[in-house]
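Below, chain A is the first sequence line, B the second, and so on; all start at residue 1. In this text, all values refer to a predicted model and were calculated from it rather than measured experimentally. As a basis for the values below, the full set of heavy atoms in this structure was taken, side chains included, without hydrogen atoms, waters or symmetry mates.
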2 protein chains.
Amino acid sequence: MNEFDKLKEKLKEKGFKLTTQRRVILDVIMENKNKHLSSEEIYDLVKRKYPEIGLATVYRTLQLFEELGLVYKLNFDEGRNRYELYQEDAHQHHHLICLKCGNVIEMEGDLLEDLEKLIEKTKNFEIVDHNVKFYGYCSNCRNKV
Amino acid sequence: MNEFDKLKEKLKEKGFKLTTQRRVILDVIMENKNKHLSSEEIYDLVKRKYPEIGLATVYRTLQLFEELGLVYKLNFDEGRNRYELYQEDAHQHHHLICLKCGNVIEMEGDLLEDLEKLIEKTKNFEIVDHNVKFYGYCSNCRNKV
DNA sequence: TGACAATTGAAAATGAATATCATAAACTAT
DNA sequence: ATAGTTTATGATATTCATTTTCAATTGTCA
């Protein structure tokens with residue numbers, strides 16, 4: 001099942017409508033799979049394909065997509081949200097944020113199973129999601145010292 | 001060395017001044033060691049001891065304290081920052097955020113050494129800090145189903 | 001097709017955080 | 001202690017991402 005069928009299905013399930021705007025926004029997100037676009041960046045890209053769109057619609061839609069699990073909200077402490085496509089297979093990854101150049105590098109793999117098990121046991125806390133960021137210096141910036 | 005001496009020393013080191021406001025703000029943070037107060041909450045508490053203080057001073061001071069390493073900035077995706085006292089001994093902990101009641105529970109221990117080593121090796125990325133949050137349901141809310 | 005609810009775009013509103021600027025307070029060397 | 005220099009403060013205005021409002025539009029389903 002492709003992303004559009006998923007969108008259609010999830011919308012229908014909850015009584016939401018499939019609009020052109022929603023289709024175009026998903027389109028843009030899919031074309032930028034690994035890019036962590038901000039709401040404003042998505043708005044700019046969407047406007048090229050659908051100039052009449054309003055900024056509020058983009059914000060509303062991203063929020064909706066997050067609730068539907070189509071998209072994942074990221075926060076890199078810049079005072080704005082970013083989004084990435086939720087990919088079942090590839091979702092287990094962490095972000096490495098370079099304190100010098102600001103680049104965000106992906107670290108594939110989850111690797112938190114043991115820690116999560118420990119938490120579930122010692123705290124009786126049922127984990128459904130996590131958010132892990134590492135701050136430091138990327139290979140590029142390390143070499144430039 | 002207590003926190004006030006630390007403050008004094010770190011300020012002097014960088015040519016900053018030790019003001020009553022800064023002292024009172026640190027005071028409030030220390031009195032609420034494990035509370036994750038927001039800037040506004042700190043402002044309210046500080047005003048009780050020092051009513052003339054301005055909101056901007058609180059924001060400025062928290063930013064300064066973070067730079068000095070006295071305080072740690074937290075982001076629980078509420079659109080506002082929270083702060084906790086930086087405690088050398090007890091700083092290695094993670095936050096468990098309950099999706100139902102919103103409570104934040106502390107999980108002592110770091111337990112990321114292996115993952116960090118792996119990242120440093122495979123990505124040649126020098127880690128200096130990390131930020132780990134787990135989302136799920138706390139023991140209280142699990143029992144209330 | 002028609003009816004009804006959900007959706008949209010434009011503009012205004014919100015709210016946390018930051019910038020501005022004149023006044024005040026802290027530090028330094030005398 | 002004091003004068004002189006610099007940093008800090010408080011009040012206010014401003015910024016900027018995001019949300020709300022509301023009238024007009026558009027999907028969906030019988």
Polar side-chain contact K17(B)-dT6(D) base: donor and acceptor under 3.5 Å
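Such a pair is found, so the answer is yes.
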Is the base of dG27(D) touched by the side chain of R22(A) through a donor-acceptor pair closer than 3.5 angstrom?
no
Hey, are E31(B) and K49(B) close enough for a salt bridge, meaning a charged N less than 4.0 Å from a carboxylate O?
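Counted as a salt bridge, because a side-chain N and a carboxylate O are separated by less than 4.0 Å.
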Is K123(B) salt-bridged to E108(A), going by a charged N under 4.0 Å from an acidic O?
yes
Quickly work out the [X] [atom1] to [N] [atom2] distance and round it to whole Å.
| X | N | atom1 | atom2 | answer |
| --- | --- | --- | --- | --- |
| L7(A) | dG27(D) | CG | P | 14 Å |
| E67(B) | dA8(D) | CD | P | 11 Å |
| L18(A) | dT8(C) | CG | P | 10 Å |
| E13(B) | dC27(C) | CD | P | 15 Å |
| K73(B) | dA16(C) | NZ | P | 15 Å |
| I42(B) | dA16(C) | CD1 | P | 14 Å |
| K12(A) | dA6(C) | NZ | C1' | 16 Å |
| R80(B) | dT14(C) | CZ | P | 16 Å |

Look at atom CD of E88(A) and say whether more than 12 heavy atoms of other residues, nucleotides or ligands are closer to it than 6.0 Å.
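It does not: E88(A) CD has 12 such atoms or fewer within range.
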Counting only heavy atoms not in K35(A), do more than 12 fall under 6.0 Å of its NZ?
no
Can you tell me if E116(B) uses its side chain to pair, donor with acceptor, with the backbone of E113(B) under 3.5 Å?
no
side-chain N/O [X] vs [N] OP1/OP2, d < 4.0 Å:
| X | N | value |
| --- | --- | --- |
| Q21(B) | dA25(C) | no |
| Y59(B) | dA17(C) | yes |
| Q63(B) | dT18(C) | yes |
| T57(B) | dG10(D) | yes |
| S38(A) | dA17(D) | no |
| S39(B) | dA17(C) | yes |
| N81(A) | dA17(D) | no |

Modelled atom types, side-chain donor and acceptor of R82(A) and N75(A), under 3.5 Å
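Not at all, the side chains of R82(A) and N75(A) share no donor-acceptor pair under 3.5 Å.
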Need one value for Y50(B): base, sugar-phosphate or nothing, where a base atom within 4.0 Å counts as base even if backbone is also close, heavy atoms only.
sugar-phosphate
Identify, between A56(A) and L64(A), the residue whose nearest nucleotide on DNA chain C lies closer to the 5' end.
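Its nearest nucleotide lies further toward 5', so the answer is L64(A).
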Judged by nearest nucleotide, the residue sitting upstream toward the 5' end of DNA chain D, E40(A) or R60(A), is E40(A)
Where the side chain of I53(B) is defined as all heavy atoms beyond and including C-beta, which of dA16(C), dT7(D), dG10(D) is the nearest nucleotide?
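Closest nucleotide to the I53(B) side chain: dG10(D).
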State which of dA11(C), dC27(C), dA26(C) makes the closest approach to the side chain of T20(B).
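Nearest nucleotide to the side chain: dA26(C).
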